[in-house]
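Data first, discussion second: the structure below is written as structure tokens.
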There are 2 protein chains.
Amino acid sequence: MPKVGMEPLRRKALIDATVSAIGARGSLDVTMSEIAGRAGVSSALAHHYFGAKDELLQATMRHLLAELNWDTRQALAAAQSARERVSAVIAVNFSENQFQPETIAAWLAFYVEAQKSAALRRLLRVYARRLHSNLMSGLAGLLPRPTADQAAEAIAALIDGLYIRRALRNGTPNATGAIAIVEDYVEAKLGTAAPATIRNRLSGDQS
Amino acid sequence: MPKVGMEPLRRKALIDATVSAIGARGSLDVTMSEIAGRAGVSSALAHHYFGAKDELLQATMRHLLAELNWDTRQALAAAQSARERVSAVIAVNFSENQFQPETIAAWLAFYVEAQKSAALRRLLRVYARRLHSNLMSGLAGLLPRPTADQAAEAIAALIDGLYIRRALRNGTPNATGAIAIVEDYVEAKLGTAAPATIRNRLSGDQS
DNA sequence: TTTTTTATTGACTGATCAATCAACAAAAAA
DNA sequence: TTTTTTGTTGATTGATCAGTCAATAAAAAA
């Protein structure tokens, strides 16, 4: 079997296997054998390409982050207004690609692991900063500065909160419901602080 | 040393030690020795009183839940109006007792572990249901039914989200800031759907 | 006093797992 | 063809831990 040029393929397969293993187990303490098995290789190979388990986990998280970033850039590019940019960022986080049980479990697990690992903590901070700045790229045009900043913080917290609750299959099950909650917040926020013409652009209101 | 009547004391000490060990390690994979050490006893004793590690973790979570519930009941009893009930529930979740790094780390870790353990999942569902119904005890008097339900969902997600972000020491550091964000949401929500007299009761608005 | 109950531990066992390594095999280069 | 590089694994090692158990000792009951 040994063909040349396997490395990138194996790396990709191992990273994908890591996400699915974490998703299946629901936590980060998956074994290297489990991951390697899912990728169809031996655990020794996983060590060969990634060294320590830690590095595989970091690479996996970087991959998740890169995918989210890619999706976000696509969505932002298609947005035509500040208001649409906000919705685009929200929508991406609950899109098919992102709002998958496997992916959610992985994010959650990484959040916990980040308390132990400085490297993962750094990566999560990158995520938080990006999310904030992506949200601000829309909000800055809709609300005065300090208010916009707080709104971005709230939206970010909402997104994280809805993720964590989804992991438990508590209320707020589907992506549609989650988006509705966040969009409703945005509307409420714009309704109290911005000209009325901006209100009620997307969904029907309930006043 | 063996005095009679040690059991309840040891149980309490072990549960406290579990919270602090989880807080220190930042994850649920603390060893029984670590926990027992913090409680000043041998790991064999921890097994003696709790059987398996799993049961100690469940007991710990039940304890956290009971404390939160107690604090919430106190706060609700002191509230004089529907609006105050909402604020009371919010305030409790960010109070000295609850919004502690140790406690936050424990909650987060339990969320992850709940994906593996049916027992922990059940406990977290109890928490979610209680939070929702406590919030509704105030919101039901301020907003029409379906809107109130969605608002409770959003507030719960906000609280969970702010917890998770606090764990990383991302933005939103202090409890005050967190409360401000949630209260601001409530105000915005009431502002669009309820009579104006209800608005701006607690904090200054920014319109 | 003797016996039983309660509290407590050190030492041990068995299982799990990350990480290593020597070995093998196919392809590419010489 | 021979040599080197690249890909791959089974077997092994060493560490870590949950859980068990026999033993000890103080207190309470008989």
Side-chain angles (χ1 to χ4, degrees), chain A residues 1-22 24-61 106 109-110 112-113 116-120, chain B residues 1-22 24-61 109-110 112-113 115-120:
Chain A
M1 296 103 173
K3 266 194 212 153
V4 148
M6 283 287 101
E7 176 153 3
L9 301 181
R10 294 303 190 199
R11 290 189 104 96
K12 173 87 167 58
L14 282 164
I15 286 174
D16 288 348
T18 304
V19 174
S20 89
I22 291 174
R25 272 261 188 291
S27 97
L28 268 203
D29 59 2
V30 285
T31 68
M32 288 296 268
S33 309
E34 163 88 19
I35 293 170
R38 280 172 187 267
V41 298
S42 76
S43 71
L45 197 68
H47 277 106
H48 175 63
Y49 283 129
F50 286 95
K53 185 183 178 181
D54 226 65
E55 285 169 59
L56 174 54
L57 296 181
Q58 283 168 41
T60 302
M61 196 170 162
F110 280 130
V112 170
E113 194 72 5
K116 283 193 284 188
S117 155
L120 290 185
Chain B
M1 297 98 174
K3 268 192 208 152
V4 149
M6 284 285 102
E7 176 153 2
L9 301 180
R10 294 304 191 199
R11 288 190 105 97
K12 172 86 167 61
L14 282 164
I15 286 174
D16 288 348
T18 304
V19 173
S20 90
I22 291 174
R25 272 262 187 291
S27 99
L28 269 203
D29 61 0
V30 285
T31 69
M32 288 297 267
S33 308
E34 163 88 19
I35 293 171
R38 279 172 187 267
V41 298
S42 75
S43 71
L45 196 68
H47 276 107
H48 175 63
Y49 283 129
F50 286 96
K53 185 181 177 183
D54 226 65
E55 286 168 60
L56 174 54
L57 296 181
Q58 283 168 41
T60 302
M61 196 170 161
F110 281 130
V112 169
E113 195 69 6
Q115 302 204 287
K116 282 193 286 189
S117 156
L120 290 184

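What separates CG of A:Leu56 from C1' of C:dA18 is a distance of 12 Å, to the nearest Å. If you measure from atom CG of A:Leu14 to atom P of D:dT8, you get 10 Å, rounded to the nearest angstrom. At whole-Å resolution of the value, CD in B:Glu7 and P in C:dT8 are 10 Å apart. Counting to the nearest Å, the C1' atom of C:dA27 and the CE atom of A:Met6 are 12 Å from each other. When rounded to the nearest whole Å, the span between CD of A:Glu55 and C1' of C:dA18 equals 13 Å. Atom pair B:Leu9:CG and C:dT6:P shows a separation of 16 Å (rounding to whole Å applied). Between the CG atom of A:Leu45 and the P atom of D:dG7 there is a distance of 9 Å, given to the nearest Å. At whole-Å resolution of the value, CZ in B:Arg11 and P in C:dT8 are 13 Å apart.
Here the side chain of A:Arg10 pairs no donor or acceptor atom with the backbone of A:Tyr49 at under 3.5 angstrom. Side-chain atoms of B:Lys53 come within 3.5 Å of backbone N or O of B:Val30 as a donor-acceptor pair.
Taking five base pairs at each end of the helix from C:dT1-D:dA30 to C:dA30-D:dT1 and finding the rotation axis that steps the C1' atoms of four pairs onto the next four gives two axes whose angle is 20°, to the nearest 10°.
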Problem - Test log, rule salt bridge (charged side-chain N to carboxylate O under 4.0 Å, His left out), inputs A:Asp29 and B:Lys116 - result: CA-CA 11 Å; A:Asp29 59 2; B:Lys116 282 193 286 189; 3.1 Å; yes
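Put simply, the side chain of B:His47 does not reach to within 4.5 Å of the side chain of B:Leu56, judged on heavy atoms. Residues A:Leu57 and A:Phe110 meet the side-chain proximity criterion, which asks for heavy atoms closer than 4.5 Å. Between B:Leu28 and B:Val112 the shortest side-chain heavy-atom distance does not fall below 4.5 Å.
Distance check: A:Gln58 CD to A:Ile15 CD1 gives 11.5 Å after rounding to the nearest 0.5 Å.
Not counting sequence neighbours, the partners of A:Ala24 by the side-chain contact (heavy atoms from CB on, under 4.5 Å) test are A:Arg38.
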Fill in the blank from the handout: Counting primed atoms, P, OP1 and OP2 as sugar-phosphate and everything else as base, the B/S/- map of nucleotides 18-23 of chain D against protein heavy atoms under 4.0 Å is SBBB--
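Applying the 4.0 Å criterion to OP1 and OP2 of C:dT8, one finds that B:Tyr49 has a side-chain N or O inside that range. In terms of phosphate contacts, A:Arg10 brings no side-chain nitrogen or oxygen within less than 4.0 Å of OP1 or OP2 of D:dT6.
Residue B:Phe50 is out of contact with every strand shown, counting any heavy-atom pair closer than 4.0 Å.
Look at B:Lys12 and B:Asp16 and you find a salt bridge, because one of the NZ, NE, NH1 or NH2 atoms lies within 4.0 Å of a carboxylate O, short of that distance.
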